[in-house]
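Below is a structure I'd like to ask you about.
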4 protein chains.
Amino acid sequence: MSMSDKSQNRIERILDAALQVFSDKGYKDAAVDDIATVSDTSKGGVYFHFPNKKTIFLSLLDKMADLLYSRAEEAMAKEPDMRRKGDAALLVMLRTFAKHRAMSKLFLVEALGAGREFNDKMLDINFRFAGLITRHLNELVALGMIEPIDTEIAGVAWFGGVNEIVRRWVLTGKPEKLEDAYPALRDLLRRSIGQF
Amino acid sequence: MSMSDKSQNRIERILDAALQVFSDKGYKDAAVDDIATVSDTSKGGVYFHFPNKKTIFLSLLDKMADLLYSRAEEAMAKEPDMRRKGDAALLVMLRTFAKHRAMSKLFLVEALGAGREFNDKMLDINFRFAGLITRHLNELVALGMIEPIDTEIAGVAWFGGVNEIVRRWVLTGKPEKLEDAYPALRDLLRRSIGQF
Amino acid sequence: MSMSDKSQNRIERILDAALQVFSDKGYKDAAVDDIATVSDTSKGGVYFHFPNKKTIFLSLLDKMADLLYSRAEEAMAKEPDMRRKGDAALLVMLRTFAKHRAMSKLFLVEALGAGREFNDKMLDINFRFAGLITRHLNELVALGMIEPIDTEIAGVAWFGGVNEIVRRWVLTGKPEKLEDAYPALRDLLRRSIGQF
Amino acid sequence: MSMSDKSQNRIERILDAALQVFSDKGYKDAAVDDIATVSDTSKGGVYFHFPNKKTIFLSLLDKMADLLYSRAEEAMAKEPDMRRKGDAALLVMLRTFAKHRAMSKLFLVEALGAGREFNDKMLDINFRFAGLITRHLNELVALGMIEPIDTEIAGVAWFGGVNEIVRRWVLTGKPEKLEDAYPALRDLLRRSIGQF
DNA sequence: AATGAATGAGAGTTCATTCAT
DNA sequence: CATGAATGAACTCTCATTCAT
């Protein structure tokens, strides 16, 4: 195993530990010491790989955003039926959230009130996702597959609606399997743009 | 002015200051000292009226929740047309959020990541609002005014959708006037339950 | 009831409350607010009658010291048999401690570590009591009733010995009735000065 | 000098400083900041080595108790003459107290009123010492070297008597050399159990 | 690379004391 | 006389960050 691999491993271990700790205690209540302990390192070790606590949190946020975004994009690209691209994205996102509960909590709960310093990042991320939806809806409108609607509002509202379903699951455990919410949510969203 | 008035004033001043400080800095980053300074009191003065920081935050949360909830209920009660009760509630909520930007930020941004101690309270509140929507949708279904749907999912998703619109407005200032989002949002929600 | 009586009553009530609170929580942990509450007054009320917390504590200390000292002196004066004056004093002191458990705790436990400001007072008090014993022993020696001994050391040691018995009773409840320790203690002290 | 040595040094320095500050100001009035300053560290440094203020105080108490107890036991073990074991213990205790004036003050003055949290510890310690005396007296009785007496009361009273002598020395400086009290005290105690 | 001791700037909270009413 | 709101200094404890080893 090369030096870089070992380093990579250590960084990975720290990020895993940070995810665990942040999603469990929230940004402010998570101590760098906790992260060091869980990752089986020392505080100094953490600070060797990351300049500060904030950066660790941002790394995780980016990771989750990239994961979700790329999965969604990929799912839409793979689905040939224009009418079903949205469904495919929705399903894959629910599945991704379901598979990464801690990340989901970080993303949908902890990141929001973590402090002014993270607002910009979260706005970027939200903008990206809402934009993805909006662009897709615009395409559907352009192709005449749905009636013209305010796709920007729809993008934001959809994003919020899905998030809220996931947030509820993260915090209450309902529904037991997140994917079980898929059919109802899919129908709701479809109907909302006049698609049956 | 009576003693009680003065006392009420002071408490009111502290709550106003707390709202300002919390919504500006977030729960953790807000110092009780900041609240004291802004409310033109001393730290001891704040602690004379409130047992701790947490209670101040919860007071504000309750206040906003009660305000929103009572306004929404009232609006629905006043609207005789069954089909428009939802619209009325939506409009009045947007207006209420618009009138209380700082409260909205507290409610939709800061309260979420403020720490485990507030999760329960927020879940209660979310549950109340989503429940209000769900009950209304159930009525519509029972009256045969809309097709049977999963009203629970719809309640949660709607709540999340509206919140996201308000959240975006709080954080980015778009749309300049929050009420401008009303028509598009109303149509989106109506369509989503098959109502035209 | 005259004004002065009422005032006396109030002062008495405050002192009673203070005794309770001090002996329960110790000097530092007793809040003036606690005293006010227990005495059914307000903080301002307490400060009207006493200039500060320290003074209240000192008043109680003086009260207990005077009580003990006068009882002991009186008992010795009443006892005609020179040989039994000491026994009489010992018995009456044990009885007085037994009747005033809270005071005893204040006197023998809380007053010691209450802070530098009380050291002088406690030294005075200890000096008075040890001196009483020493003077009595000196008399016995002068009368040729006991052999010459270091009466100063004896006075201090006796005082400490009795105190320790009472302290143990205050803190552990043993012996159930403090007076039960009298015979053994009396014999011990008598023997220590060669008196049978 | 190894890491552990340095660390030991720092801990030792903190304990020394704590002893100084506690015995000077008392438990409640001693600030952790004071201890940090005197030990030439920072507050954080103190808290790195000790979890809280209480633990520091208890450490010192235990240290002194162990020191006194082991010295007393050792002295008794070394003295072959059964009749003189008590004297040996008394002398060595007076010498130990004399050598550690600050510790003595902590032990005999500050620890008593330091708060409910320390009562248990002090009761334990007192019980140990009084028990040591009582056991020794029981042996003397069993060997027929002294008449049967209430050895429990005697143990407690002796312990209190000796303590009071030391306490007086700690607080007033009399007698200048604590050991000067030894002969008189020894004779007093001997006589009290009918031993000449 | 990694460690962990050390720092120091706060944070929340308490409370003796004051004083306008 | 009495109240209780208000003050402000002090206190314990936390923790992100640094740095010698």
Side-chain angles (χ1 to χ4, degrees), chain A residues 3 6-7 10-11 14 28-37 39-56, chain B residues 1-4 6-7 9-11 14 28-36 39-56, chain C residues 3 6-7 10-11 28-37 39-56, chain D residues 1-4 6-7 9-11 14 28-36 39-54 56:
Chain A
M3 199 74 114
K6 268 176 65 183
S7 180
R10 178 58 57 104
I11 288 177
I14 292 171
K28 283 282 171 189
D29 287 338
V32 175
D33 236 341
D34 296 336
I35 298 173
T37 303
S39 65
D40 211 40
T41 331
S42 64
K43 233 194 295 204
V46 172
Y47 274 93
F48 180 81
H49 293 290
F50 295 90
N52 49 44
K53 190 181 167 185
K54 197 201 306 186
T55 302
I56 305 177
Chain B
M1 186 187 277
S2 79
M3 200 78 111
S4 146
K6 266 182 66 183
S7 182
N9 267 339
R10 179 59 59 106
I11 289 177
I14 292 171
K28 289 281 176 188
D29 286 337
V32 176
D33 240 339
D34 296 338
I35 298 174
S39 64
D40 209 40
T41 330
S42 62
K43 231 193 300 200
V46 173
Y47 275 96
F48 180 80
H49 292 290
F50 295 89
N52 49 45
K53 188 182 167 185
K54 198 203 307 189
T55 301
I56 305 178
Chain C
M3 200 74 112
K6 268 176 63 183
S7 181
R10 177 59 57 103
I11 288 177
K28 283 283 172 188
D29 286 339
V32 175
D33 235 340
D34 296 337
I35 298 173
T37 301
S39 65
D40 211 40
T41 331
S42 64
K43 231 192 297 203
V46 173
Y47 274 93
F48 181 81
H49 292 290
F50 294 90
N52 49 44
K53 189 181 166 183
K54 198 201 305 186
T55 302
I56 305 177
Chain D
M1 185 186 277
S2 79
M3 199 77 113
S4 148
K6 267 184 63 184
S7 182
N9 268 338
R10 180 58 60 104
I11 288 176
I14 292 171
K28 289 280 176 191
D29 286 337
V32 176
D33 241 336
D34 296 338
I35 297 174
S39 64
D40 208 39
T41 331
S42 61
K43 224 189 310 194
V46 173
Y47 275 96
F48 181 80
H49 292 290
F50 295 90
N52 49 45
K53 188 181 166 184
K54 198 201 307 186
I56 305 178

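Model, not experiment: these values are computed from the prediction. So that the names make sense, note that chain A is the first sequence line, chain B the second, and so on, each numbered from 1. As a basis for the values below, the full set of heavy atoms in this structure was taken, side chains included, without hydrogen atoms, waters or symmetry mates.
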Note, A:H49 side chain near A:I56 side chain (heavy atom, < 4.5 Å):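 Side chain of A:H49 against side chain of A:I56, heavy atoms only: no contact under 4.5 Å found.
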Within the structure, does a side-chain N or O atom of A:R10 lie under 4.0 Å from either OP1 or OP2 of E:dA2? yes
Whether C:K53 side chain and C:A30 backbone form a donor-acceptor pair below 3.5 Å: yes
When you match B:V46 and A:K54 each to their closest nucleotide on DNA chain F, which lands nearer the 5' end?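 Result: B:V46.
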For the student: nearest non-hydrogen atoms of C:T41 and C:R10, plus distance: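 Scanning both residues, the minimum pair turns out to be CG2-NH1, 2.8 Å.
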Could you state the CZ-P distance from B:F50 to E:dG12, rounded to the nearest angstrom?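 It is 15 Å, rounded to the nearest whole Å.
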Using the P atom as the point on both nucleotides, what is the distance between F:dT21 and E:dA1, in whole Å? 22 Å
Distance check needed: F:dG4 P versus B:I11 CD1, whole Å only. 14 Å
Can you check the A:D40 CG to E:dA1 P distance for me, whole Å? 17 Å
Over all heavy atoms of both residues, which pair between D:A36 and D:S42 is shortest? Give the atoms and the distance, please.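 Taking every non-hydrogen atom into account, CB-C, 3.5 Å.
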From C-beta outward on D:F48, which listed nucleotide comes closest to its side chain: E:dA2, E:dA5, F:dT3?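 My answer, after comparing the listed nucleotides, is E:dA5.
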If a stem is a run of at least 3 consecutive Watson-Crick or G-U pairs, both distances under 3.5 Å, which stems include DNA chain E?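 In DNA chain E, stems of three or more pairs: E:2-21 with F:2-21.
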When you measure from the side-chain N and O atoms of B:H49 to the phosphate of F:dG4, is any distance below 4.0 Å, counting only OP1 and OP2? no
Does one side chain, of C:T37 or C:D34, offer a donor that lies under 3.5 Å from an acceptor on the other?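 Result is no, nothing qualifies.
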In this structure, which one of B:I11, B:V32, B:I35 forms a side chain to side chain contact (heavy atoms under 4.5 Å, CB included) with B:F50?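 The side chain to side chain contact (heavy atoms under 4.5 Å, CB included) with B:F50 is passed solely by B:I11 among B:I11, B:V32, B:I35.
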Just how far, in rounded Å, is P of E:dA11 from CD1 of B:I35?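 Value for this atom pair: 12 Å.
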B:N52 to B:Y47 - nearest heavy-atom pair and separation: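 Heavy atoms only, the tightest pair is CA-CE2, 3.8 Å.
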Between the protein and nucleotides 8-12 of chain F, which nitrogen or oxygen pairs are less than 3.5 angstrom apart?
residue	atom	partner	partner atom	Å
F:dT12	OP1	D:A30	O	3.2
F:dT12	OP1	D:K53	NZ	2.5
F:dT12	OP2	D:V32	N	3.1

Specify the closest pair of heavy atoms between A:I14 and A:S39, including all atoms of both residues, with the distance to one decimal.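 It is CA-CB, 3.8 Å.
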